[in-house]
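Read through the structure below, which is laid out as structure tokens, and then see the notes.
Each ligand, and each atom within it, is numbered from 1 in the order the structure gives. Residue numbers start at 1 and run along the sequence shown.
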Amino acid sequence: MAKTKQTKKFDIAVVGGGPSGRIAALRLARSGFSTVLVAPAASAKDGRTTALWQKSISLLEDIGVWSRIRENAAQLRKMRMIDDTGRLIRAPEVVFDSSEIGLEEFGFNILNRDLNAVLEEACASAENLSVIDGTVTGLEYPAGNAVLQISDGRSVEARLVVAADGRNSFIRKAAGIDVKHWSYPQSAVVLNLDHSLPHQNISTEFHTPSGPFTLVPLPGRQSSLVCVETEDEAKRLKEMKEALLEAELERRAHSILGRFKLASEVQSFPLSGLSATRLIAERVALIGEAAHVFPPIGAQGLNLSLRDIADLDKVLSAAFLKQQDIGGPEILRSYESGRKSDIRSRTQAVDLLNRSLLTGFLPVQLVRGAGMYLAGKVGPLRRLLMREGLAPGSGLQLHRSSIRH
Ligand SMILES: Cc1cc2nc3c(=O)[nH]c(=O)nc-3n(C[C@H](O)[C@H](O)[C@H](O)COP(=O)(O)OP(=O)(O)OC[C@H]3O[C@@H](n4cnc5c(N)ncnc54)[C@H](O)[C@@H]3O)c2cc1C
């Protein structure tokens, strides 16, 4: 007779093995919740890099993984923005320098495959954390708690399900949460480059009429590139012969890093956005790209997701101390109300910057140009923008002199 598999019980089930899911599982397990992570293994083919800002690095320190990631990460000390639109109204160059706000660096750039490998290893050996290599195929509430069906026939029961299962989230759909979805007429061409000149830990963003062209330092004489282009042009770049592509990219970078040599495969990602209309449902909280997606401009996506995780952990830990039900409606509402404005403001800021580049409408160009001019000239405004760029609400209160590492 076939044995029925037992349903194991946990405080929290995290669904999804991208960076959001793994970091959430590690954070919540460290806070003392018995946690299960249901996740298929991360793709070893992800050639992208992720720039993480100060607050995100602090979270990685808190969960004990930063020292292992740091050795393969590059410091981001300065950010340079250059108007390369060639339009009638052009903004002057602006340089944001981390030392101006008392920081050694704004953050670090990390290869996704290094980040994922360290997180996978940490999850496998963390206390309070069980990992199930599988996909969730069902969400039910037979007797109050949430029960997840897993692809291997197992099931788990939890007081709270944290959905980190990405932009096509199964949990979001199963919980009946709608989304707003939009797309842009652009794709991001993404690759890594070796170069003959040092980057000096400066990230450079050229603003072009088809979108930003951004070089972000990696360790040594290497940088990652995110080049936002029209869909046709992105396809053309992706199909170019290696030597021609290197020469074309060097031309677009005005040779600021010398000669280019391709150091990875060329990937492209169509630009789109998504916003969940709610962040919570019965015993469900959304985090990461299950809740919000926007174009890879300004390195905001995962940084925003890590703020979801930090806030969720804070709300749940407080509920735990008061012996409240961590999956109850009151607690979940508190998580949602705390996250809404950060998610809305980041989504709008990225959308606005991208659209302001695409438009040929003169008044919009004028406002963008004036904004960059003022950021370059007015010190207090520039410092406020730097702090707000790192984390919302930190504009007036960031006092840490550097990131510990
Ligand atoms: C080109 C590019 C550059 C970027 N650069 C930056 C940057 O510099 N800085 C930054 O902060 N952000 C950046 N981002 C954004 C960042 O990459 C994303 O925010 C981040 O990867 C999202 O992680 P996630 O874990 O939420 O989702 P995902 O990485 O999509 O992970 C979702 C996971 O859920 C799993 N899953 C799906 N369905 C199920 C199921 N039913 N059961 C179990 N598991 C399931 C999937 O297999 C996947 O592993 C960039 C994005 C792009 C496209």
With a 4.0 Å heavy-atom cut-off (strictly under), which part of Val190 contacts ligand 1: side chain, backbone, both or neither? side chain
Evaluate side-chain hydrogen bond (donor to acceptor under 3.5 Å, both in side chains) for Glu229 paired with Ser210, printing each intermediate quantity in order. CA-CA 5 Å; Glu229 256 303 347; Ser210 46; 3.2 Å; yes
Closer than 4.0 Å to some heavy atom of Gly18 - which atoms of ligand 1 meet that? 25 (O), 29 (O), 31 (O), 33 (C), 49 (O)
Should the proximity of Gln267 to ligand 1, defined as any heavy atom under 4.0 Å, be assigned to the side chain, the backbone, both, or neither? neither
Flag, side chain of Thr208 to backbone of Gly211, donor-acceptor distance under 3.5 Å: yes
What do we get for Glu289 next to ligand 1 when only non-hydrogen atoms under 4.0 Å count, side chain, backbone, both or neither? both
Answer with yes or no whether the side chains of His195 and Ser223 bring together a donor and an acceptor at under 3.5 Å. yes
Considering the heavy atoms of Phe170, write down every atom of ligand 1 situated less than 4.0 Å from one of them. 41 (N)
Should you measure from each heavy atom of Gly288, which atoms of ligand 1 turn up under 4.0 Å away? 26 (O)
Give the numbers and elements of all ligand 1 atoms closer than 4.0 Å to a heavy atom of Thr135. 40 (C), 41 (N), 42 (N), 43 (C)
Under a plain distance cut-off of 3.5 Å, with no hydrogens placed, do Arg27 and Ser31 share a side-chain donor-acceptor pair? yes
Numbered atoms of ligand 1 (with element) below 4.0 Å of Ala164, judged on heavy atoms: 32 (C), 33 (C), 34 (O)
Counting each atom of ligand 1 from 1 as listed, which ones have a heavy atom of Arg48 under 4.0 Å away? 1 (C), 2 (C), 17 (O), 51 (C), 52 (C), 53 (C)
Under 3.5 Å, is there a donor-acceptor pair between the Asp97 and Ser99 side chains? yes
Any heavy atom of Val38 under 4.0 Å from ligand 1? The part involved is backbone
Indicate, as side chain, backbone, both or neither, the part of Ala188 found under 4.0 angstrom from ligand 1 when only non-hydrogen atoms are considered. neither
Between Phe206 and His254, does the ring centroid distance fall short of 6.0 Å? yes
Any donor-acceptor N or O pair under 3.5 Å, side chains Thr50, Asn112: yes
State plainly whether the residues Glu246 and Lys261 are in salt-bridge range, i.e. N to O under 4.0 Å. yes
Quick one: does Glu93's side chain get under 4.5 Å of Asp83's, heavy atoms only? no
Can you find an N or O of Phe269 that's nearer than 3.5 Å to an N or O of ligand 1? no
Are any of the N/O atoms on Asn112, whether in the backbone or the side chain, positioned under 3.5 angstrom from an N/O atom of ligand 1? no
Where on Thr49 is there a heavy atom closer than 4.0 Å to ligand 1, on the side chain, on the backbone, on both, or on neither? backbone
Which of the numbered atoms in ligand 1 are under 4.0 angstrom from any heavy atom belonging to Val136? 40 (C), 41 (N), 42 (N), 43 (C)
Mind checking salt bridge (charged side-chain N to carboxylate O under 4.0 Å, His left out) for Glu250 and listing every partner two or more places apart, or none if nothing turns up? Arg259
Just jot down the ligand 1 atoms closer than 4.0 angstrom to any heavy atom of Pro40, in number order. 43 (C), 44 (N), 47 (O)
Close approach, Val226 and ligand 1, non-hydrogen under 4.0 angstrom: no
Centroid-to-centroid, Phe108 to Trp66, below 6.0 Å? yes
Would you say Ser305 and ligand 1 have an N/O pair spaced under 3.5 Å apart? no
